[in-house]
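Fair warning: this is a prediction, and the values are worked out from it, not measured in the lab. Chain identifiers are assigned alphabetically (A, B, ...) following the order of the sequence lines, protein sequences preceding nucleic acid strands; residue numbering begins at 1 within each chain. Side chains are part of it too, since the values below use all heavy atoms of this structure and drop only hydrogens, waters and symmetry mates.
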Amino acid sequence: MTEETSSNFIRDIIDEYKAANPNQEIVTRFPPEPNGYLHIGHAFAIQVSYGIARDYNGQFNLRFDDTNPAKEESEYVDAIKEDVKWLGADWGDNLFFASDYFDQLYEWALHLIREGLAYVDDQSPEEMRKGRGSLIEPGENSPFRDRKVEENLDLFQRMKDGEFDEGSRVLRAKIDMGNPNLNLRDPVLYRILHANHHRTGDKWKIYPSYDFTHGQSDAIEGITHSLCSLEFEFHRPLYNWFLKNLPVPSKPRQIEFARLNVEHIVTSKRKLLQLVSEGHVRGWDDPRMPTVSGFRRRGYTPESLNEFCHRAGVAKRERVNEYALLEYCIRQDLEERAYRRMAVLNPVKVIIENFPENDTEYFDGPNHPAKPELGMRSVPLTREIYIEREDFMEDPPKKFFRLGPGREVRLRYACYITCTGFKKDEEGEIQEIHATFDPESRGGSTPDGRKVKGTIHWVSATENRPLEVRNYEQLFTKTNPEDVEEGQTFIDNLNQNSESIITAFGEPELGKATIGERFQFERKGYYAVDPDTQSDQLILNCTVGLRDSWGKKQKK
RNA sequence: GGCCUCGUGGUGUAAUGGUAGCACUAAGGAUUCUGAUUCCUUCUGUCGGGGUUCGAAUCCCUGCGAGGCUACCA
């Protein structure tokens with residue numbers, strides 16, 4: 001896709017590193033915890049780490065950070081792998097699990113104990129919290145801090161053997177209870193969890209913490225640059241402390257960057273889970289969800305998502321990207337690759353009076369106007385057709401280029417019709433429109449060369465394919481869904497009209513559509529075939545509408 | 001009250017002591033069998049105040065503002 005400037009502060013650091021270590025391969029990693037589905041923020045993180053490995057001919061690892069058996073499930077592992085693969089981040093043979101390193105990590109914990117750098121603490125979680133101090137006050141040493149090495153070794157062994165209850169003891173690093181960085185106030189290395197791990201089963205009764213796992217896992221895998229989001233900035237001194245005090249095989253460097261935020265979107269796993277569990281959406285892959293699977297179902301291409309992440313850029317400050325950029329990226333991609341079809345979403349009938357009854361005439365339309373090599377499809381015209389209700393006005397203003405009494409328009413790919421009259425029902429709603437067609441205009445122009453300003457899409461009223469069309473608006477009304485009044489939550493910002501389902505009529509060719517296929521409904525927008533589709537019911541999700549400068553002008 | 005990070009048009013991001021650029025958005029125009037696409041044009045910016053320098057978005061000081069950090073989560 002676009003080349004543009006790809007420079008950012010991380011790549012600058014890597015350029016420097018490469019200059020100093022020309023033969024060192026760059027190794028990055030994406031380390032999801034398997035406790036939920038990937039969202040667009042993860043797609044961004046993948047793009048950053050994978051993109052660097054790819055561009056520097058390095059290596060990219062997918063590593064599951066599975067150190068908390070209480071929250072993790074293998075169902076998520078499979079879903080995450082599918083999403084990462086779909087996004088195009090190829091990890092090759094480099095699939096790892098932090099749980100693969102549990103034995104090594106345990107050895108290293110022993111090492112710290114022997115060095116006098118770790119101790120078993122018998123305090124309760126509350127006591128530990130109190131002892132840690134606060135943002136402005138230093139903490140106090142634990143009464144168990146000066147236990148002898150032998151006693152620590154013995155207790156830690158018994159923790160491992162499952163002798164103690166959950167929460168009764170932890171292994172802590174002995175660093176500095178007065179450090180202004182709270183992460184250095186004797187952080188927890190191991191906690192007791194009598195849970196079943198999705199990969200190691202019941203082998204372990206103790207599990208390493210994130211901090212004791214991450215840097216060492218990076219070191220084991222030979223990660224050169226461990227890229228993560230800003231909130232881990234404060235963990236970096238600890239990350240480096242472990243690398244310094246443990247006999248690790250390599251010294252990775254942690255670099256933090258700002259998360260990707262997008263207007264109208266929440267990316268907190270807790271909140272996404274709530275949307276799913278409370279039934280506000282159809283599931284993790286609801287087309288309104290900011291999950292990778294949601295975007296996929298909505299009709300987004302991986303290329304468009306990657307392009308968006310690329311254009312969002314990498315920075316060190318918190319930012320919020322406009323939703324419009326996301327829409328721009330998918331429109332640009334789909335404009336290029338989506339086949340064109342006609343579908344009428346809000347139909348009104350037109351009767352072409354001089355068209356013979358029970359007759360059908362076929363017209364060819366290109367699948368893509370700029371790509372004749374993609375071939376043509378045939379569209380049937382009959383005496384009765386549907387057009388969009390909004391393409392007819394009883395009393396149109398001067399700049400209205402569509403149908404109105406006495407006006408002539410082109411039916412896309414077919415011929416010119418002129419409106420000769422219309423009927424209304426009791427409510428004053430247009431019921432049907434009458435028209436005549438010019439037989440000489442077949443093919444879209446006439447021998448006299450007269451011009452019609454408007455071209456509208458249409459579908460035969462008798463030879464068509466009914467469609468269930470799901471249109472979407474933002475899931476949240478506010479650009480920042482977290483912006484709530486006192487006593488409210490982000491749930492109160494849900495857009496009650498975020499999904500609307502209608503029945504539309506599409507040209508017969510749509511009967512061949514397959515799940516996941518994307519089309520442009522001409523003059524309307526891009527639509528993707530939903531997996532709920534059955535052979536007798538075709539369901540399409542609106543990915544994004546076409547830009548509409550006329551509609552915009554009308555609103556003013 | 002502590003520590004850390006960060007402030008460039010409406011938005012996002014470049015410029016690493018030497019002409020503030022690119023993209024999105026918005027506005028206007030041209031082309032068009034999609035009021036789409038494409039093409040062209042235009043608008044708006046270095047948080048404030050000092051200092052160093054021939055020269056500062058960039059370096060220093062200071063003020064202001066934003067974010068992060070007080071889990072046996074990651």
If you check every side-chain atom of A/Y210, which of B/rU5, B/rA74, B/rG10 has the closest atom?
B/rA74

Donor-acceptor pair under 3.5 Å, A/R402 side chain vs B/rG35 base:
yes

Between B/rC33, B/rA74, B/rA36, which one does the side chain of A/E33 approach most closely?
B/rA74

Is the closest basic N to carboxylate O distance between A/D100 and A/R63 below 4.0 Å?
no

Starting the side chain at C-beta, find the nucleotide from B/rC24, B/rG12, B/rU34 nearest to A/R319.
B/rG12

Partner nucleotide, any strand, of B/rG67 [Watson-Crick/G-U, under 3.5 Å]
B/rC4

Does a distance-only test, which skips hydrogens and angles, find a donor-acceptor pair under 3.5 Å between the side chain of A/R311 and the base of B/rU13?
no

Where the side chain of A/F401 is defined as all heavy atoms beyond and including C-beta, which of B/rU70, B/rU34, B/rG35 is the nearest nucleotide?
B/rG35

Across every strand shown, the nucleotide meeting Watson-Crick or G-U wobble geometry with B/rG48 (both distances under 3.5 Å) is B/rU62

Using purine N1 to pyrimidine N3 plus N6-O4 or O6-N4 for Watson-Crick, or N1-O2 and O6-N3 for G-U wobble, both under 3.5 Å, which nucleotide pairs with B/rU41?
B/rA27

With C1' as the reference atom in both, quote the distance from B/rG18 to B/rC59 in angstrom, rounded to an integer.
15 Å

Consider the side chain of A/R191, meaning its heavy atoms from C-beta on, and name the nucleotide among B/rA71, B/rG35, B/rC73 that approaches it most closely.
B/rC73

What does B/rA57 pair with, Watson-Crick or G-U, if both distances are under 3.5 Å?
none

Please check if any side-chain donor atom of A/N367 sits under 3.5 Å from a side-chain acceptor atom of A/R341, or the reverse.
yes

Strictly by modelled atom types, are A/S226 and A/Q254 linked by a side-chain donor-acceptor pair under 3.5 Å?
no

Tell me which one of A/E522, A/E388, A/R340 satisfies side chain to side chain donor-acceptor pair (under 3.5 Å) with A/H457.
A/E388

Base, sugar-phosphate, or nothing for A/R172, non-hydrogen atoms under 4.0 angstrom?
nothing

Of the listed nucleotides B/rU5, B/rG35, B/rG68, the one nearest the side chain of A/R523:
B/rG35

Picking from B/rC69, B/rA14, B/rU37, the nucleotide nearest the side-chain atoms of A/N8 would be B/rA14

A/D12 side chain, from C-beta outward: closest of B/rU16, B/rU70, B/rU34
B/rU16

What's the verdict on salt bridge (Lys or Arg N to Asp or Glu O under 4.0 Å) for A/R132 and A/E140, showing C-alpha distance, side-chain angles and the deciding distance?
CA-CA 6 Å; A/R132 190 156 27 232; A/E140 286 171 15; over 6 Å; no

For the residue pair A/W284 and A/Y76, categorise the inter-ring angle as parallel (less than 30°), tilted (30 to 60°) or perpendicular (more than 60°).
perpendicular

Sugar-phosphate only, base, or nothing, as touched by A/K71 at under 4.0 Å among non-hydrogen atoms:
base

Nearest of B/rA71, B/rA36, B/rU25 to any side-chain atom of A/E322?
B/rU25

Base paired to B/rG12 (Watson-Crick or G-U; both N/O distances under 3.5 angstrom):
B/rC22

Identify which nucleotide among B/rG35, B/rC6, B/rU32 has an atom closest to any side-chain atom of A/R317, counting heavy atoms from C-beta outward.
B/rC6

What is the nucleic acid contact for A/V320, judged by heavy atoms within less than 4.0 Å: base, sugar-phosphate only, or nothing?
sugar-phosphate

